[in-house]
Amino acid sequence: MKKSLGIICLFVAICLITAIYGDGFLTGFNLTNLTQRTALFSILALGAGVVIVAGGIDLSIGSVVCLAGIMTPWLLVEHGWSAWAVIPLVLAMSATIGLFHGVLITRLRLQPFLVTLCGLLLYRGIARWMTGDQSQGFQGEFEDVRSIALARFDVPFLGDYRLPATVIPLVILVVLIGLFFSRTVWGRWLLATGRNENAARYSGVPTAWLTTGAYVVCSLLAGFGGMLFIFDIGSAQPSDFGNFYELYAIAAAVLGGCSLRGGDANVLGIVVGAATLQVLRTAIILVGLGSQLEFAVIGGVLLIGIAADELVRRYSARRAEQTSRMQH
Amino acid sequence: MAELPVREGSVLARTVLRVTGIGRRYAGIPALTGVTMDVRAGEVLAVVGENGAGKSTLLKILSGVIAPSDGVIEQVDANGTSVPLQMENVREAARAGIALVHQELNLAENLDVAGSIFLGREPARFGFLKRATMMREAREWLHRVGLNVDPSTQCESLSIAQRQLVEIAKALSTQAKILILDEPTSSLSAREAARLLAIVKVLRASGVAIVFVSHHLDEVLEIADRVLVLRDGQQTGILNRDACDRATIERLMVGREIAAPAARVLPVDAQVRLQVQSLQTVHHRRHRISFEVRAGEIVGLAGLVGAGRTEVLEAIAGVTSSAGHASLDGIALTGNASQRVCEGVALVPEDRARNGLFLQDSVSMNLSLAWIGQHRQRGLVNRQGERAIVNHMISRMRVQPPAPARRVQTLSGGNQQKSVIGRCLAVNPKLLLLDEPTRGVDVGARAEIHAEVRRLADTGSAVLFASSELEEVLMLADRILVMHEGRILGEFAARDATEVAIMHLATGGTA
């Protein structure tokens, strides 16, 4: 909890400012919407976080979102496949993409930045080619499948706020990944790998397997998130669906306390980080800054958040060193 | 240069640096107290002492890497007036004309010789290198240290002795008047060392003040005009050349009887645990080596830097690839590093910061990493057991302070090393491999680490270690294998071995 304090403060501050200066922030409709977007982006950010913890990076998340998201209605509507075949197939494809990244990075020792940068171009290109660059959508059908993302639950005492169903997979993922890092041997070993891969290898940690696993989880979550996104919005253009989503995911993980140097995990922080970014996007519109400023504001806030975090960390490290010296 | 007036050992030699009562405390514990000395132009001042006596602390203070907690350092000019130096950083020391040549060489391997000499001070105009000037000046400095290589040679193709000379040329090129050499001969063969000493004598004759740190007393006796002896962070004496003899220096260095550990007795019929047959490592493809280690036996690999000891240990641990056969208790070791850990092999690597420690993590995390893998319960960490083993290893290894949550980064070198060794001992390895088990560790921690290694061997495990320090090899090993350029040139039982005999083989001599 202490680790997440900084990002929680930032989150609360941005919420307060928006509530005071903007109209309609505290309406049930807006909050429901925010929850939905936070849940979807958190799922991507958790995947990005797992890779970052392992000392890597994944720039292909947005393109995997696009490929998985576009393939789902394409197979369901254009090719008439059954949802029972499409969903497992798309998830398996996403996991295979992660496996491909992991193998290139651990066996061929290519740099993660380059491998996933190529992935970013590759999967979007494939998605556009497959669909002939045509918009893909459910055309009002498949309501039952889409309800995975569209269902809302009433919550007592919260007025017209309705809890989106996407919160269910998010909570499950947060619990699983949280337990993975705190309770399982592989989680501990993944943290060790991110901190010092050599030392982990010398101590007998199967670092190549763990790193590959991290990329598989990341792409799998990106594919799953891509499906939820398309279920949510109904139709999308292969040329721009999922653009920049990898940056939102990475930014959320870093804001949430996963250092790009690897070895630091904070699962709750990642979710709060994703929420902060979504509130910020809404705030720009509600406060009336004009949506052209969106990227500039997000970039600025991100920079301030990261700098403040680093300064606080340095300060507390110095304090800890001084107290330990005095105890001596 | 040899024609310059020689003022060897003369009391008339001019003092250039006066050090009065300097000391340094780490976390309130003194590492060095009350050192007082003069450094004189045209003189070699040797600094001797055991490991942990405070030599490296003194060097770090003189070269501005750390600031002294007490005392004064004054620079003395030709008129005899002295100016106090605020030695707060390396640049300050460099301005005072002090240059340190490190024991571990720091040349950037991808640069050429000239580039290394002028690194950070490249002659340039408008940001463009003046390459011809650089080459010409580099050639002059190389000539001065008697190194006959072209300044455009890549550093990686130089021998260790040549690199040492490049480092000295680099130090001199900063217009250094005081040259500090830290263990300059520790990685050199006897012939190379003799040449280095000859060059030091030439530099002395040209008026450079030299501080020479070594634990080869023969060298010290040959070259030093005065000898400063340190013991346990205190100055125990400063001897003039005429008062120097081996016995006096040794008495001042040791001062007390170090309790020798009881001699270990091995059963004659102890089973062979580690069997290595025609092992071929990546760096020494031409040679194949074979040996064995028995249950309860501690075998030491002696040799110079680059003799191939690390490669042998890493090949057996599976962290680097190799050809040949290694088997443990008759079962071939074929898997990767993590499989070999499961089979009972543990390696304490040479470079603990790079390959051993998770510096930003807790002592607990560092100690338990291998143990949690061996004692997992359906993939989950046995957290109760983890706490117990961590506390057990902290008290067994005497990690100070005994705080599991402390970040390893904040511990002393000795306690960091204990954390790495503790991680290996926690899984009760059948074969423990240690590469430089006590590098940069003080005398007390070294004795504790050795005691724990012996304790493991007493339970029947096999131990194989490599050390560049003959003293350590003689102290810890039951049997000694001497390596030279990838081969095992000889073998000694510990009771028959002497430093001289090992050194003879380690430098390529014949048995």
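Predicted model only: the values in this text are computed from it and were never measured. Side chains included, hydrogens not; waters and symmetry mates left out as well; all remaining heavy atoms used. Sequence lines set the chain letters: A, B, ... in the order given, protein chains first and strands last, and positions in each chain run from 1.
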Novice: Return yes when atom CZ of A/Arg107 has more than 12 non-hydrogen atoms of other residues, nucleotides or ligands closer than 6.0 Å, and no otherwise.
Specialist: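 Counting other residues, nucleotides and ligands, CZ of A/Arg107 exceeds 12 neighbours.
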
Novice: Which region of B/Leu369, side chain (C-beta onward) or backbone (N, CA, C, O), has a non-hydrogen atom less than 4.5 Å from a non-hydrogen atom of chain A, or is it both or neither?
Specialist: both

Novice: Considering only heavy atoms and a distance below 4.5 Å, find which of A/Arg188, A/Arg201, A/Glu197 pairs most often with chain B.
Specialist: A/Arg188

Novice: Would you mind checking which part of B/Val341 comes under 4.5 Å of any heavy atom in chain A, side chain (CB onward), backbone (N, CA, C, O), both or neither?
Specialist: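 Looking at B/Val341, just its side chain touches chain A.
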
Novice: More than 12 foreign heavy atoms under 6.0 Å from CZ of B/Arg398: is that the case here?
Specialist: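 Counting neighbours around CZ of B/Arg398, 12 or fewer heavy atoms of other residues, nucleotides or ligands fall under 6.0 Å, so no.
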
Novice: Can you say whether B/Arg423 sits under 4.5 Å from chain A via the side chain, the backbone, both, or neither, judging by heavy atoms?
Specialist: side chain

Novice: Under 4.5 Å heavy-atom distance to chain A, tell me which part of B/Glu343 shows up: side chain, backbone, both or neither.
Specialist: neither

Novice: Identify which part of B/Ala317 has an atom lying under 4.5 Å from any heavy atom of chain A, answering side chain, backbone, both or neither.
Specialist: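 Neither part.
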
Novice: Indicate yes or no: at least one non-hydrogen side-chain atom of A/Tyr202 is less than 4.5 angstrom from one of B/Val348.
Specialist: no

Novice: For A/Ser182, is it the side chain, the backbone, both, or neither that has a heavy atom closer than 4.5 Å to a heavy atom of chain B?
Specialist: backbone

Novice: Roughly how far, to the nearest 0.5 Å, is the CG atom of B/Asn355 from the CG atom of A/Asn196?
Specialist: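 Answer rounded to 0.5 Å: 7.0 Å.
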
Novice: In terms of heavy-atom pairs under 4.5 Å with chain B, which of A/Gly263, A/Ala208, A/Ala199 leads?
Specialist: A/Ala199

Novice: Are A/Arg183 and B/Arg383 packed together at the side-chain level, in the sense that at least one heavy-atom pair is separated by less than 4.5 angstrom?
Specialist: yes

Novice: For a quick test of reading the model, state the closest non-hydrogen atom pair linking A/Ser203 to B/Ala370 and the distance between them.
Specialist: O-CB, 4.1 Å

Novice: Answer with side chain, backbone, both or neither: which region of B/Glu314 has an atom nearer than 4.5 Å to a non-hydrogen atom of chain A?
Specialist: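 Only the side chain of B/Glu314 comes within 4.5 Å of chain A.
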
Novice: For A/Gln111, look at atom CD and say whether over 12 heavy atoms of other residues, nucleotides or ligands are found less than 6.0 Å away.
Specialist: no

Novice: Taking all non-hydrogen atoms of both residues, which atom of B/Ile372 and which atom of A/Val185 are closest, and how far apart?
Specialist: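 Shortest heavy-atom separation between B/Ile372 and A/Val185 comes out as O-CG2, 3.4 Å.
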
Novice: Nearest 0.5 Å, what's the CG-CD distance between A/Asp264 and B/Gln360?
Specialist: 7.5 Å

Novice: Quick check for you: to the nearest 0.5 Å, what is the distance between B/Asp361 atom CG and A/Leu191 atom CG?
Specialist: 7.5 Å

Novice: Relative to chain A, which segment of B/Ala353 carries a heavy atom at a distance below 4.5 Å: side chain, backbone, both, or neither?
Specialist: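 Answer is backbone: N, CA, C or O of B/Ala353 sit under 4.5 Å from chain A.
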
Novice: Out of B/Cys342, B/Ala403, B/Gly379, B/Gly373, which one racks up the most heavy-atom pairs below 4.5 Å with chain A?
Specialist: B/Gly379

Novice: Using a 4.5 angstrom heavy-atom cutoff, name the option from B/Gln339, B/Arg352, B/Arg354 with the most pairs to chain A.
Specialist: B/Arg354

Novice: Heavy-atom distances under 4.5 Å only: say whether B/Arg407 touches chain A with side chain, backbone, both or neither.
Specialist: side chain

Novice: Is it the side chain or the backbone of A/Ala200 that comes within 4.5 Å of chain B heavy atoms, both, or neither?
Specialist: both

Novice: Hey, could you give me the CZ/CG distance between B/Phe358 and A/Asn198, rounded to the nearest 0.5 Å?
Specialist: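 The CG atom of A/Asn198 is 9.5 Å from CZ of B/Phe358, to the nearest 0.5 Å.
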
Novice: Above 12 or not: heavy atoms from other molecules or residues under 6.0 Å from CZ of A/Phe100?
Specialist: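 Counting neighbours around CZ of A/Phe100, 12 or fewer heavy atoms of other residues, nucleotides or ligands fall under 6.0 Å, so no.
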
